[in-house]
Amino acid sequence: MSEKPDFRELVGDDLTPEEELELARVDSLLRSVAGPATEVPSSLTTRVEQIGTATPIWTRRRVLAAVALAATLAALFFAAGRWLDRGFDARASFDMTPGKTVPDASGKIELGRRDESTGNWKMRLVVDGLPHLAGNDYYVLWLARDGEYAGACGTFNVNGRTTVDLTASYDLSEYDAWVITRVGEDSPWLLSAET
Amino acid sequence: MPAAMATAESDSRLIERVGRGDREAFEQLYKRFARPVFGMALRQLGDNGRAEDAAQETFAAVWRSARTYKAERGTASAWLYAVARHAIIDRARQKRENAAEAPDEADTRAGPVEQAEESWLTWRVHSALELLPERERVVIELAYWSGLSQTEIASYLDVPLGTVKTRTRTGLARLAGLLEEVKG
């Protein structure tokens, strides 16, 4: 690089003191820094032009398509679930009798097929008229023998008419009743049915 | 100074528009800052290819993160400078990691603080130059960094000497406004 220019040659000598001071400051700055890049490579411009133009993975159209697909799948799963529900193959049904504390309650136990490989019975319990339990309280479905609780089949809570799927791995012939109680030793039998 | 403030607002608005995915604003921002960014990368990396990579990454980062820019936190120029420095430092770090063992030579460069100050000052000057009308910018760059006299510049540009002097003086005065906040 050649010599720096003469300040007076650049700005002339007809400046006011304020103007001269201001331009001298700029002159000093310009002398203190390296020169700018002579030019920007065209390849850089080409590369920068590509920024943001690549098709993003989640375009608006794709988002809408994904939402539609998700809705379709949800509907299919819902329909499949409903179809499988209908497919519950009740082999036996037991109507439950309400106890004194819940005279308007009703219940029914449907006994499905037994899985031979595991020995589990599929059961479906439909109850109505029991109050919803708050907090950590819940109902228990028992198998009873000689008036004593003998085997728990599962716990549940209700909200109006409620259907609960349960399994039991017991030999049902060894029991003589189904009983629903609230959790706790002092709970009366709320609903019961003979096996 | 009104000129400098107007420029800062203009840069801010451009970045805000970029943050909303405005391609046109992005192109304007590139035109305005391509030389300062590439120049800074070239000076600090000393290699055209790496400088180009760093400059590209700078503008990619601007495109990605412009929406995070908050005008109240600082000037647009300072934000862009920080983005560019980050990209350049990343490139420099990669260079160091890829390099073989460094030769045993005394490092005569300025310390980190001095380098940062010099880098910021250069950035401000170069960014301000980009805001000058082309005819004024050209005569100033030729005067300060090509070594040509005013007469030689007039000849080179094929314009009267008086025109060169007028453009130079007008350009310097305009730069004074743009660089008002830079302490000499």
Side-chain angles (χ1 to χ4, degrees), chain A residues 1-70, chain B residues 18 21 23 26-27 30-31 34-43 48 51-53 55-56 58-60 62-64 118 121-126 128-130 137 139-151 153 165 168-169 171-180 182-184:
Chain A
M1 193 166 68
S2 305
E3 285 179 13
K4 295 289 184 184
D6 177 71
F7 177 65
R8 192 59 60 192
E9 184 195 0
L10 290 176
V11 301
D13 48 13
D14 57 341
L15 298 167
T16 65
E18 292 77 20
E19 285 174 329
E20 183 164 331
L21 191 65
E22 190 175 64
L23 296 193
R25 189 171 59 82
V26 177
D27 176 75
S28 170
L29 279 174
L30 290 172
R31 289 170 194 275
S32 69
V33 302
T38 51
E39 61 181 22
V40 174
S42 59
S43 51
L44 172 61
T45 304
T46 304
R47 289 165 69 178
V48 170
E49 280 170 356
Q50 305 304 314
I51 294 169
T53 57
T55 308
I57 294 172
W58 290 102
T59 60
R60 181 179 164 79
R61 181 175 292 183
R62 286 187 182 181
V63 168
L64 291 174
V67 168
L69 178 62
Chain B
V18 172
R23 290 284 317 173
F26 182 63
E27 284 165 17
Y30 173 73
K31 282 178 187 164
R35 282 210 320 157
V37 169
F38 179 71
M40 181 162 80
L42 192 57
R43 281 191 305 281
N48 258 308
E52 197 171 315
D53 288 344
Q56 183 197 13
T58 299
F59 286 100
V62 166
W63 177 256
R64 283 195 306 269
E118 183 184 316
L121 185 64
T122 305
W123 167 268
R124 289 291 298 117
V125 171
H126 290 181
L129 278 169
E130 294 302 315
R137 183 177 62 78
V139 292
I140 288 176
E141 288 184 7
L142 286 172
Y144 282 89
W145 295 295
S146 77
L148 297 179
S149 67
Q150 297 278 277
T151 307
I153 293 170
K165 286 183 176 295
T168 304
R169 188 161 147 175
L172 288 175
R174 208 186 299 271
L175 272 180
L178 292 166
L179 294 167
E180 191 197 28
V182 179
K183 303 300 177 194

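Values in this document were obtained by computation on a predicted structure and should not be read as measured data. Below, chains carry the letters A, B, ... as their sequence lines are ordered, and counting in each starts from 1.
Looking only at side-chain heavy atoms (C-beta outward), A/Pro5 and B/Gln150 stay at 4.5 Å or farther from each other.
For A/Gly35 against B/Arg43, the heavy-atom pair with the smallest separation is O-NH1, 4.1 Å. In this structure, B/Gly39 and A/Ala37 approach most closely via the heavy-atom pair CA-CB, 3.8 Å. Here the closest heavy-atom approach between residue B/Leu179 and residue A/Arg25 is recorded as O-NH1, 3.5 Å. Of all the heavy atoms in A/Ala34 and B/Thr122, the pair that sits closest is O-CG2, 4.3 Å. The two residues A/Val48 and B/Arg23 make their nearest non-hydrogen contact at O-NH2, 4.2 Å.
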Exercise. Would you please test A/Leu15 and B/Arg169 for side-chain contact (heavy atoms from CB on, under 4.5 Å) and show each step?
Key: CA-CA 10 Å; A/Leu15 298 167; B/Arg169 188 161 147 175; 3.2 Å; yes
Practice problem: Take B/Phe59 and A/Thr45 through the side-chain contact (heavy atoms from CB on, under 4.5 Å) test and state the conclusion after the steps. | Solution: CA-CA 10 Å; B/Phe59 286 100; A/Thr45 304; over 6 Å; no
Quiz item: Are A/Leu30 and B/Leu172 close enough, and set up right, to give a side-chain contact (heavy atoms from CB on, under 4.5 Å), and what steps lead you there?
Solution: CA-CA 10 Å; A/Leu30 290 172; B/Leu172 288 175; 3.5 Å; yes
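Side-chain N or O atoms of A/Arg31 include none that pairs as donor or acceptor with a backbone N or O of B/Tyr144 at under 3.5 Å.
Using a 4.5 Å cut-off between heavy atoms, B/Leu42 does not touch chain A at all. Proximity to chain B is absent for every atom of A/Asp6, based on heavy atoms less than 4.5 angstrom apart. Contact of B/Tyr30 with chain A is made through the side chain alone, with heavy-atom distances under 4.5 Å. With a 4.5 Å cut-off on non-hydrogen atoms, A/Ser43 touches chain B through its backbone and its side chain both.
When A/Val11, A/Val26, A/Leu23, A/Leu10 are compared by the number of non-hydrogen pairs under 4.5 Å with chain B, A/Leu10 comes out ahead.
Qualifying side-chain contact (heavy atoms from CB on, under 4.5 Å) partners for B/Arg64, counting only residues two or more places apart in sequence or in other chains: B/Glu57, B/Ala60, B/Ala61. Partners of B/Arg35 under the side-chain contact (heavy atoms from CB on, under 4.5 Å) rule, at least two apart in sequence or in another chain, are A/Pro36, A/Val40, B/Glu130, B/Arg137, B/Glu141.
Atom CD of A/Glu9 and atom OG1 of B/Thr168 lie 9.0 Å apart (nearest 0.5 Å).
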